[in-house]
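Naming convention: chains lettered A, B, ... in sequence-line order (proteins, then strands); numbering from 1 in each chain.
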2 protein chains.
Amino acid sequence: MSLSPQEEELAQRWVSFRPEIKIVDCTIRDGGLMNDHQFEDQTVQAVYRACVEAGIDYMEFGYKGAREMYDTSKYGIWKFSHEDDLRRIVGDNDTDLKISVMADVDRTDIDRDILPRSDSVIDMVRVATYIHQVPGALAMIQDAHDKGYETCVNLMAASVVSLAEIEGALELFAQSPVNTIYVVDSFGSMFTEQVRMLLGHYLKHAQAAGKEVGIHAHNNQQLAFANTIEAISLGANYLDGSIAGLGRGAGNCPTELLVGFLRNPKYHLRPLLTCIRDALDPLRARMQWGPNIPYMITGQLNRHPRAAMAWEDSDTCHDHVAFYDSVIEEE
Amino acid sequence: MSLSPQEEELAQRWVSFRPEIKIVDCTIRDGGLMNDHQFEDQTVQAVYRACVEAGIDYMEFGYKGAREMYDTSKYGIWKFSHEDDLRRIVGDNDTDLKISVMADVDRTDIDRDILPRSDSVIDMVRVATYIHQVPGALAMIQDAHDKGYETCVNLMAASVVSLAEIEGALELFAQSPVNTIYVVDSFGSMFTEQVRMLLGHYLKHAQAAGKEVGIHAHNNQQLAFANTIEAISLGANYLDGSIAGLGRGAGNCPTELLVGFLRNPKYHLRPLLTCIRDALDPLRARMQWGPNIPYMITGQLNRHPRAAMAWEDSDTCHDHVAFYDSVIEEE
């Protein structure tokens, strides 16, 4: 009739919280993949204010793209995240919220665009790398570390990388000065069991080297929140979320669900709801994100969502059956 | 570098399937809670055809409500699921799909409205009971069993029932002739750990008595699919889903996600996608369902979604902050 000792211990953990856990809000950075990073300042300011008031730990604004590589008439300022643009939003950022940017390997001019830490409001540089770029990522991690930044690394598209290669990358990351290594479900294809398997490998290397593990999930199969919870239960302490789930395609783990789950009293839900009502819901007239049938299909097939994103922008976007037929035929 | 023996065993299970698993599609039954069961025949026919073609095991059409208890000018025919209405859709149901109806304790005239099995196209009677109605549920289970039906029982709102009472109910269900006992997350408030804890108790009683366990999840926190997967991994074999997630409030576990997860070749995704495109997406002009902020809030607070449903029908439906303030104030 009563709880078993295991259940009691679990319930006790359940109603408490783990203070090491950090939320990294990616609303503007990952959401920028849906609008070529063309956010108005007032939207970015609203997200910044919400993150500060909600007690979020990090906010990621955008990329540090090398401007020679991109058409600046197409891409907005958060593809580049220049220091003066950041400061126009955050001033000197005299808050507890840390500021993060993402730097893609081979697409960032680190000598010119990653300033010394003392000259920047940025706190953390996140290096995004595909498996074939790991040596480049290691050089960027070292550079950002030497300049004084916290660092983390996202090994992208892990669901299509062999475990042997992942292990090789993890060994190298463990020897680097990177602070946090992320499990990244770029295609939203992972089920909880796969998250569990990968986390085991990431944690083994990270913990032996005194590093943290993070998780960045996509919501193609409506599992972004569930997979993040699973990662928490295994020991991941860096959790990516985005407000209203705003992010590429099916979007990310909604920050407001994370805050509802974590019991740390430093987090507050209401500022996030205000941000959704006033700044993000109005965007839906111009941009669509969140789980839908085409994103589910690419997730089920463990594929990049680009075909689904193109379909969503087409005149036939409501014919999910034709989309399904077109991707199955390609197999 | 290679998979551990545990991982290999897991991966092997992963790419195979468990033939005992049954999908029970609740699209029309649970979706009827959003439109007072007023579906047009062509919608019900489209769902029926999709279930047959997709290889779904059971389709639940509606309730067996006693007509004296309901305003028949308000409620549609699937509040009552009369034999002639069923037969107008399914004929003699010469298919592999079984037909289910739900019977609420205290709201069903079993003597008049549950026919002998030989006079009906219904295969399974599902008894829905709150904890204070368990004796009534047991009488209804016995009656339906004696009339020749498969039976299952949903203990509603389990997230607000004490474990001692749940254990008491499970002992009684185990002694009854019921075939399947369902874990029901009526409020969409359960995290995976709570599903795991409850499943342990349900399975203990059910397996000792040679019965199956099922799961019926709601999607308030975008965990309906994840919680269903968790239940599968623990041993639940009856899985409720609904096409496009159509169901009360935040809706149910989407049947199309379940089919993508289960590897049983008898299931087919395409007929479900056709049904969504042709029969369910058009309903969205008149009825809204699926995860949103008010349903998230009632889920986080472990409450019935009725306040959120009323809010969604109000003029202020877009002001989620005001909704949050109103429910927090009631606490």
Side-chain angles (χ1 to χ4, degrees), chain A residues 1-4 6-7 10-11 13-14 162-164 167-168 191-194 196-197 200-201 219 221-227 229-230 233 244-245 253-254 256-257 259-261 269-274 276-278 281 290-291 293 296-297 299-301 318-325 328, chain B residues 1-4 6-7 10-11 13-14 162-165 167-168 191-194 196-197 200 219 221-227 229-230 233 244-245 253-254 256-257 259-261 269-274 276-278 281 290-291 293 296-297 299-301 318-325 328:
Chain A
M1 302 286 279
S2 59
L3 292 171
S4 69
Q6 292 80 358
E7 285 174 347
L10 183 67
R13 275 199 288 137
W14 209 243
S162 76
L163 189 55
E167 281 272 334
F191 296 115
T192 306
E193 291 284 351
Q194 291 154 307
R196 204 176 294 161
M197 190 273 282
H201 290 272
N219 212 14
Q221 300 189 88
Q222 300 188 21
L223 292 173
F225 181 42
N227 285 342
I229 291 175
E230 183 66 23
S233 78
C253 174
E256 62 275 15
L257 285 170
V259 165
F261 173 76
L269 183 61
R270 196 176 187 281
L272 302 175
L273 301 180
T274 304
I276 293 170
R277 180 190 63 187
D278 298 341
D281 276 349
I293 296 293
M296 177 193 83
I297 291 168
Q300 287 175 341
L301 294 172
H318 294 296
D319 189 352
H320 312 320
V321 182
F323 178 73
Y324 177 74
D325 290 342
I328 290 294
Chain B
M1 303 288 278
S2 60
L3 292 171
S4 67
Q6 292 80 359
E7 286 174 348
L10 183 68
R13 275 199 289 138
W14 210 243
S162 76
L163 189 55
E165 288 179 290
E167 281 272 334
F191 296 115
T192 305
E193 292 283 351
Q194 292 154 307
R196 205 175 294 162
M197 189 272 282
N219 213 13
Q221 300 190 88
Q222 300 188 22
L223 292 173
F225 181 41
N227 285 342
I229 292 175
E230 183 66 23
S233 78
C253 174
E256 61 275 16
L257 286 171
V259 165
F261 173 77
L269 183 61
R270 196 176 187 282
L272 303 175
L273 302 180
T274 303
I276 293 171
R277 180 190 62 187
D278 298 341
D281 276 349
I293 297 292
M296 177 194 82
I297 291 168
Q300 287 177 340
L301 294 172
H318 294 296
D319 189 353
H320 312 320
V321 182
F323 178 73
Y324 177 74
D325 290 342
I328 290 293

**Heavy-atom pairs under 4.5 Å with chain A, option from B/E230, B/R196, B/H318, B/E256 with the top count** = B/E256
**Prompt:** So do the side chains of B/R270 and A/I328 get within less than 4.5 Å of each other, counting heavy atoms only?
**Reply:** no
**Asked** What part of A/D325 gets closer than 4.5 Å to chain B, counting heavy atoms only: side chain, backbone, both or neither?
**Response** side chain
**Request:** Answer with side chain, backbone, both or neither: which region of A/I297 has an atom nearer than 4.5 Å to a non-hydrogen atom of chain B?
**Result:** side chain
**Request:** Count the heavy-atom pairs under 4.5 Å between each of B/P291, B/G260, B/G290 and chain A, then report the option with the highest count.
**Result:** B/G260
**Request:** Check whether any side-chain heavy atom of A/Q300 sits under 4.5 Å from a side-chain heavy atom of B/V259, and report yes or no.
**Result:** no
**Message:** Need one label for A/N219: side chain, backbone, both or neither, based on atoms under 4.5 Å from any heavy atom in chain B.
**Reply:** side chain
**Message:** If you count heavy-atom pairs within less than 4.5 Å of chain A, which of B/D278, B/L272, B/I293, B/L257 leads?
**Reply:** B/L257
**Interatomic spacing from NE2 in A/H320 to CZ in B/R277 - rounded to 0.5 Å** = 9.0 Å
**Request:** Sort B/D281 into side chain, backbone, both or neither according to what part of it lies under 4.5 angstrom from a heavy atom of chain A.
**Result:** side chain
**Request:** For the residue pair A/L223 and B/I229, establish whether any side-chain heavy-atom pair is separated by less than 4.5 Å.
**Result:** yes
